[in-house]
Amino acid sequence: MSVAPRSGSGKVTVPEILSRKSQFSNPQPKITCLTAYDYPTARLLDQAGIDMLLVGDSLGMVVLGYESTLPVTLEEMLHHTRAVRRATERALIVADMPYGSFHVSLEESVRNAVRLVKEGGAEAVKVEGGERRIELIARLVEAEIPVVGHVGLTPQSVNALGGFHVQGKSADAARQVERDARAVEAAGAFAIVLESMPRDLAARITENLRIPTIGIGAGPDCDGQVLVIHDLLGLTSGHLPKFARRYADLAAEITRAATEYCDDVRSGSFPSDAESYHSDAELQARPPARQRA
Ligand code: KIV
């Protein structure tokens, strides 16, 4: 059953996301979430009416050119979360806790999450892992930091998992993913990402949890969906995951524009006389400084 989206104007809050948990007797509009790592992209996505912006540690792979998400630092997450914060008026901003920022001690983990909120402007943090994160999630919630869980394929576990594989395929593995999801909910998370698992398993978890599930490679039955913005815009090279739908081909468009620019500069047709300043009045009317909004 499809449900009309709510009006796009009000600030999206944690209670609002919680209230979007669909029940058979009370269907809700699906939660929309995309990753964002910079000011202009976050501004456009916010204006488009996205519910949640995830400053994901996928930053490392799609923006910074790392092989995995493991090298991403807290400082890098802070830098990009601040940029997204400055651009965003409506969407709820969730920042990923990067690998290493919550693996040493509970005290240090809470301190790092507090930095993402206090210095980065995040309104919630996302933590990968299930049963092993119970204590941490409870401590973060106690520190007034709303938490999004993340189970199934957790890219920070790439070495332990032996690669980026679909999770929960055997009956035993599926039971473990279900236990992980229940543990995350019991610890106090207000939403949970389900990544790369069979549709039926994600549907069962969604039905059995009270908090909303946000799927990526987990089929259409979750309470919401998240995608990496570079996949959606056609900015990633190499193969596209099966679950990612490409809504634009910006790589081709950027290459075309840059090639045309190079041709114009080399031929002398850019800049033209009309694109040159001739008087102070023109300088005042269209100054070189860029507008923020
Ligand atoms: O880092 C990220 O972008 C994520 C999403 C894939 C859920 O964790």
Side-chain angles (χ1 to χ4, degrees), residues 17 30-38 41-42 45 50-74 76-81 83-84 91-102 112-113 116 120 122 124-130 133 137 146-158 161 163-168 177 180-181 184 189-197 202 205-206 211-219 222-233 235-236 238-246:
I17 295 297
K30 297 272 187 185
I31 297 163
T32 57
C33 180
L34 284 169
T35 65
Y37 319 99
D38 62 63
T41 311
L45 300 181
I50 198 84
D51 294 319
M52 290 170 75
L53 286 176
L54 171 65
V55 189
D57 62 354
S58 50
L59 162 76
M61 297 173 84
V62 298
V63 175
L64 302 178
Y66 299 147
E67 288 284 315
S68 73
T69 58
L70 299 181
V72 176
T73 65
L74 186 69
E76 286 167 338
M77 289 304 301
L78 280 166
H79 179 75
H80 289 270
T81 304
V84 169
L92 186 81
I93 299 177
V94 180
D96 247 333
M97 292 200 71
Y99 178 68
S101 72
F102 60 98
N112 288 336
L116 287 168
V125 299
K126 179 164 78 58
V127 178
E128 290 187 11
R133 304 290 171 241
I137 294 173
V147 178
V148 176
H150 183 160
V151 301
L153 172 58
T154 47
Q156 292 174 10
S157 322
V158 59
L161 296 174
F164 298 103
H165 306 301
V166 171
Q167 299 297 300
V177 178
D180 284 335
V184 163
F190 73 94
I192 184 167
V193 169
L194 306 181
E195 178 163 355
S196 295
M197 63 183 69
I205 293 172
T206 299
I211 58 174
T213 59
I214 301 174
I216 176 162
C222 300
D223 299 299
Q225 295 292 328
V226 56
L227 278 182
V228 169
I229 187 66
H230 288 61
D231 287 341
L232 176 143
L233 295 177
L235 279 170
T236 33
H239 93 281
L240 199 64
K242 180 179 186 201
F243 56 77
R245 188 179 294 179
R246 189 162 276 176

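We count ligands from 1, going down the list as the structure has it; atoms in each ligand are counted the same way.
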State, with a plain yes or no, whether a side-chain heavy atom of [X] is found less than 4.5 Å away from one of [Y].
X	Y	answer
Arg246	Leu232	no
Phe243	Leu227	yes
Pro71	Glu76	no
Val148	Val193	yes

Using atom types as modelled and distance alone, determine if a side-chain donor or acceptor of [X] lies under 3.5 Å from a backbone N or O of [Y].
X	Y	value
Thr69	Ser58	no
Arg133	Glu128	yes
Thr35	Leu54	no
Thr213	Ile192	no

Can you tell me the protein heavy atom closest to [atom] and the distance?
atom	result
atom 6 (C) of ligand 1	Ile216 CD1, 3.6 Å
atom 8 (O) of ligand 1	Lys126 NZ, 2.9 Å
atom 3 (O) of ligand 1	Ser58 OG, 2.5 Å

Does Glu128 come within less than 4.0 Å of ligand 1, judged by its heavy atoms?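 No.
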In ligand 1, which numbered atoms sit nearer than 4.0 Å to a non-hydrogen atom of His150? 8 (O)
Which ligand 1 atoms does Gly56 reach within 4.0 Å, using its non-hydrogen atoms?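 This gives 1 (O), 2 (C), 3 (O) as the contact atoms.
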Report the part of [X] (side chain from C-beta onward, or backbone N, CA, C, O) that has a heavy atom under 4.0 Å from ligand 1; answer both or neither where that applies.
X	answer
Leu54	side chain
Asp96	side chain
Asp57	both

For Tyr37 and ligand 1, does the shortest N/O to N/O distance drop below 3.5 Å? no
Considering distance alone, does some N or O of Thr35 sit under 3.5 Å from an N or O of ligand 1?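 It does not: no N or O of Thr35 is found under 3.5 Å from an N or O of ligand 1.
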